Amino acid sequence: RAKSQGRNTYQFFSQEMNAQATRLLEVETELRTALVEKSFEVYYQPQVNLPIAKVVGFEALVRWKHPERGMISPAEFIPIAEETGLIVELGRQVLEQACQDLVWLNQRLDYRCYVAVNLSPRQLKDPDLPAYLDNLLSRYDLPPQYLELEITESTLMDQMDLSLPILHAIEQLGISLSIDDFGTGYSSLSYLKQLPVHSLKIDRSFVRDIPGDRDDMAIISAVSAMAAKLNLEVVAEGVEEREQLMFLKETGCHLVQGYYFSPPLPRDKVLATCERIREKLKF
Ligand code: C2E
Ligand code: MG
Ligand code: MG
Ligand code: MG
């Protein structure tokens with residue numbers, strides 16, 4: 001009896017795995033088409049510098065404009081793009097769009113902002129990435145400080161033998177890194193010092209329960225203090241409430257990003273939002 005149950009269980013998983021593999025193939029095919037048809041759109045979420053009361057940069061966040069399913073969240077397709085290797089091409093389309101849109105925005109703002117683009121593990125192991133970035137910046141006539149690359153701790157630590165030379169080549173170009181979802185993975189603090197890391201983005205999970213959660217607040221204070229000593233910027237992600245903003249300001253976390261100020265927006269809505277944020281910061 002146990003044996004037949006075992007067999008059934010095996011068959012069940014095997015069928016499930018088959019369905020999963022089929023689904024993966026379907027999405028892969030759709031993603032390929034979407035890359036050819038340029039069906040991805042890049043949205044921008046403002047990053048606000050509290051002491052100077054201004055939007056100073058934008059995080060680029062990709063969406064898939066699916067012909068039948070509407071806007072699809074990156075959480076749904078980035079992992080598949082990564083698994084299939086299509087992320088390298090998709091990542092280039094995002095980088096291209098982000099630079100183009102940043103130039104457009106900076107031409108219309110009375111000061112200069114930067115753009116932060118997320119990178120996946122495969123992109124960071126692509127030996128052609130530094131040359132691609134160098135060429136990209138020169139095509140848009142963008143100084144390297146206007147582009148920031150966001151990588152998570154696990155992306156950073158994954159197969160470092162492959163990514164380290166690429167990271168150093170990126171450093172040579174003058175492009176800086178931001179550690180995304182900081183605090184949720186494992187990163188060696190010594191790498192933060194050795195690599196061209198410019199900022200730590202404190203994960204939303206530490207911000208969410210402020211002001212209720214004392215432990216989260218202690219973690220944020222400690223990370224902010226450490227970052228200050230290491231000469232790193234700290235960005236708080238997922239700021240939704242005024243109380244959170246107040247705490248972050250007091251704690252010395254000067255850069256914030258979240259729905260409190262704005263969700264990610266299509267390029268054409270960004271300028272009006274920067275203006276609205278400036279007004280909001282006057283009070
Ligand atoms: P992430 O880089 O950590 O981006 C922050 C996510 O938090 C975004 O979700 C953003 O919309 C969301 N968010 C921002 N403020 C708030 C807030 O106040 N409250 C809440 N609840 N959420 C907030 P999104 O756009 O769905 O992106 C999800 C993830 O997908 C990103 O997390 C990033 O890891 C990945 N991703 C997005 N675009 C790209 C891309 O172009 N390339 C790569 N490799 N990954 C990307
Ligand atoms: Mg990010
Ligand atoms: Mg993040
Ligand atoms: Mg995240």
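Model, not experiment: these values are computed from the prediction. Note that ligands are numbered from 1 as they come in the structure, with each ligand's atoms numbered from 1 the same way.
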Q: Yes or no: does Glu82 have any heavy atom under 4.0 Å from an atom of ligand 1?
A: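 Glu82 does not count as a contact of ligand 1 under the 4.0 Å cut-off.
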Q: Rounded to the nearest 0.5 Å, how far does OG of Ser178 lie from CG of Leu149?
A: 9.5 Å
Q: Quick check: does Ile87 get an N/O under 3.5 Å from an N/O on ligand 1?
A: no
Q: Looking at Glu41 and Lys65, is any side-chain nitrogen of the basic one under 4.0 Å from a carboxylate oxygen of the acidic one?
A: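 The answer is yes: the pair qualifies as a salt bridge.
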Q: Looking at ligand 1, is there an atom of it that comes within less than 4.0 Å of some heavy atom belonging to Gln257?
A: no
Q: Heavy-atom contacts under 4.0 Å between Val94 and ligand 1: side chain, backbone, both, or neither?
A: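 Side chain only.
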Q: Hey, which atoms in ligand 1 end up nearer than 4.0 Å to a heavy atom of Gly258?
A: 15 (N), 18 (O)
Q: Decide, yes or no, whether a salt bridge links Asp180 with Arg204 under the criterion of side-chain N to carboxylate O below 4.0 Å.
A: no
Q: For Ser120, counting its heavy atoms only, list the atoms of ligand 1 lying under 4.0 Å from any of them.
A: 43 (C), 44 (N)
Q: Taking 2.8 Å as the cut-off, does Glu237 contribute an N, O or S atom near the Mg ion (ligand 3), distance below it?
A: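 Yes, Glu237 qualifies, because one of its backbone or side-chain N, O or S atoms lies under 2.8 Å.
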Q: Are the charged groups of Arg69 and Glu76 less than 4.0 angstrom apart, N to O?
A: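 Judged by the 4.0 Å cut-off on N to carboxylate O distance, Arg69 and Glu76 do form a salt bridge.
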Q: At a threshold of 2.8 Å, where the distance has to be below it, does the Mg ion (ligand 2) have an N, O or S atom of Ser178 nearby?
A: no
Q: For atom OH of Tyr146, decide whether the heavy atoms of other residues, nucleotides or ligands shown that lie under 6.0 angstrom number more than 12.
A: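 Counting other residues, nucleotides and ligands, OH of Tyr146 exceeds 12 neighbours.
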Q: Which of these, Leu61, Leu119, Ile87, Val62, sits in a side chain to side chain contact (heavy atoms under 4.5 Å, CB included) with Val94?
A: Val62
Q: If hydrogens are left out, which of Leu95, Ile151, Val42, Asp180 has an atom nearest to atom 1 (P) of ligand 1, that is, the closest non-hydrogen atom?
A: Asp180
Q: Tell me whether Tyr260 has any N or O atom under 3.5 angstrom from an N or O of ligand 1.
A: no
Q: Crowded around Glu83 CD? As in, over 12 foreign heavy atoms under 6.0 Å?
A: no
Q: Please report, to 10°, the angle around the Mg ion (ligand 2) from atom OD1 (Asn118) across to atom OE2 (Glu59).
A: 90°
Q: Flag the pair Phe77 / Pro74 as yes when at least one side-chain heavy-atom distance between them is below 4.5 Å, and no otherwise.
A: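 Contact flag for Phe77/Pro74 side chains = yes.
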Q: Closer than 4.0 angstrom, basic N to acidic O: yes or no for Glu240 and Arg208?
A: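 No, Glu240 and Arg208 are not salt-bridged.
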Q: Side chain, backbone, both or neither: which part of Glu59 comes within less than 4.0 Å of ligand 1 when only heavy atoms are counted?
A: side chain
Q: Would Asp126 and Arg92 pass as an ion pair if we require N to O under 4.0 Å?
A: yes
Q: Which atoms from ligand 1 have a heavy atom of Glu240 less than 4.0 Å away?
A: 17 (C), 18 (O), 19 (N), 20 (C), 21 (N)
Q: Checking one value in my table: which N/O/S atom of Asp181 lies closest to the Mg ion (ligand 3)?
A: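 For Asp181, the N, O or S atom at the smallest distance from the Mg ion (ligand 3) is OD1.
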Q: For a 4.5 angstrom cut-off between non-hydrogen side-chain atoms, does Tyr43 reach Pro266?
A: yes
Q: Check this for me, if you would: do Arg139 and Glu96 make a salt bridge, where the nitrogen-to-carboxylate-oxygen distance has to be below 4.0 angstrom?
A: yes
Q: State the atom name: nearest N, O or S atom of Glu150 to the Mg ion (ligand 2).
A: OE1
Q: Find all atoms of ligand 1 within a distance of less than 4.0 Å from any non-hydrogen atom belonging to Glu237, and give their numbers and elements.
A: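 Every atom of ligand 1 under 4.0 Å from some heavy atom of Glu237: 3 (O).
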Q: Please list, in number order, the atoms of ligand 1 under 4.0 Å from a heavy atom of Arg204.
A: 6 (C), 7 (O), 12 (C), 13 (N), 19 (N), 20 (C), 21 (N), 22 (N), 23 (C)
Q: Taking heavy atoms and a distance under 4.0 Å, where does Ile78 meet ligand 1: side chain, backbone, both or neither?
A: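 The part of Ile78 near ligand 1 is the side chain, not the backbone.
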Q: Look at the N, O or S atoms of Asp180, main chain and side chain alike, and state whether any lies under 2.8 Å from the Mg ion (ligand 3).
A: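 Of the N, O and S atoms in Asp180, at least one lies under 2.8 Å from the Mg ion (ligand 3), which means yes.
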Q: Could you list the atoms of ligand 1 found under 4.0 angstrom from a heavy atom of Gln45?
A: 14 (C), 15 (N)
Q: Please could you name the atoms of ligand 1 that Pro264 approaches to less than 4.0 Å, counting only its heavy atoms?
A: 11 (O)
Q: Does a side-chain N-to-carboxylate-O contact under 4.0 Å join Glu279 and Arg276?
A: no
Q: Run the contact test for Gly91 against ligand 1 with a 4.0 Å cut-off on heavy atoms, strictly below, and give the result.
A: no
Q: Please list, in number order, the atoms of ligand 1 under 4.0 Å from a heavy atom of Gln123.
A: 44 (N)
Q: Report yes or no: do Thr155 and Thr152 form a side-chain donor-acceptor pair below 3.5 Å?
A: yes
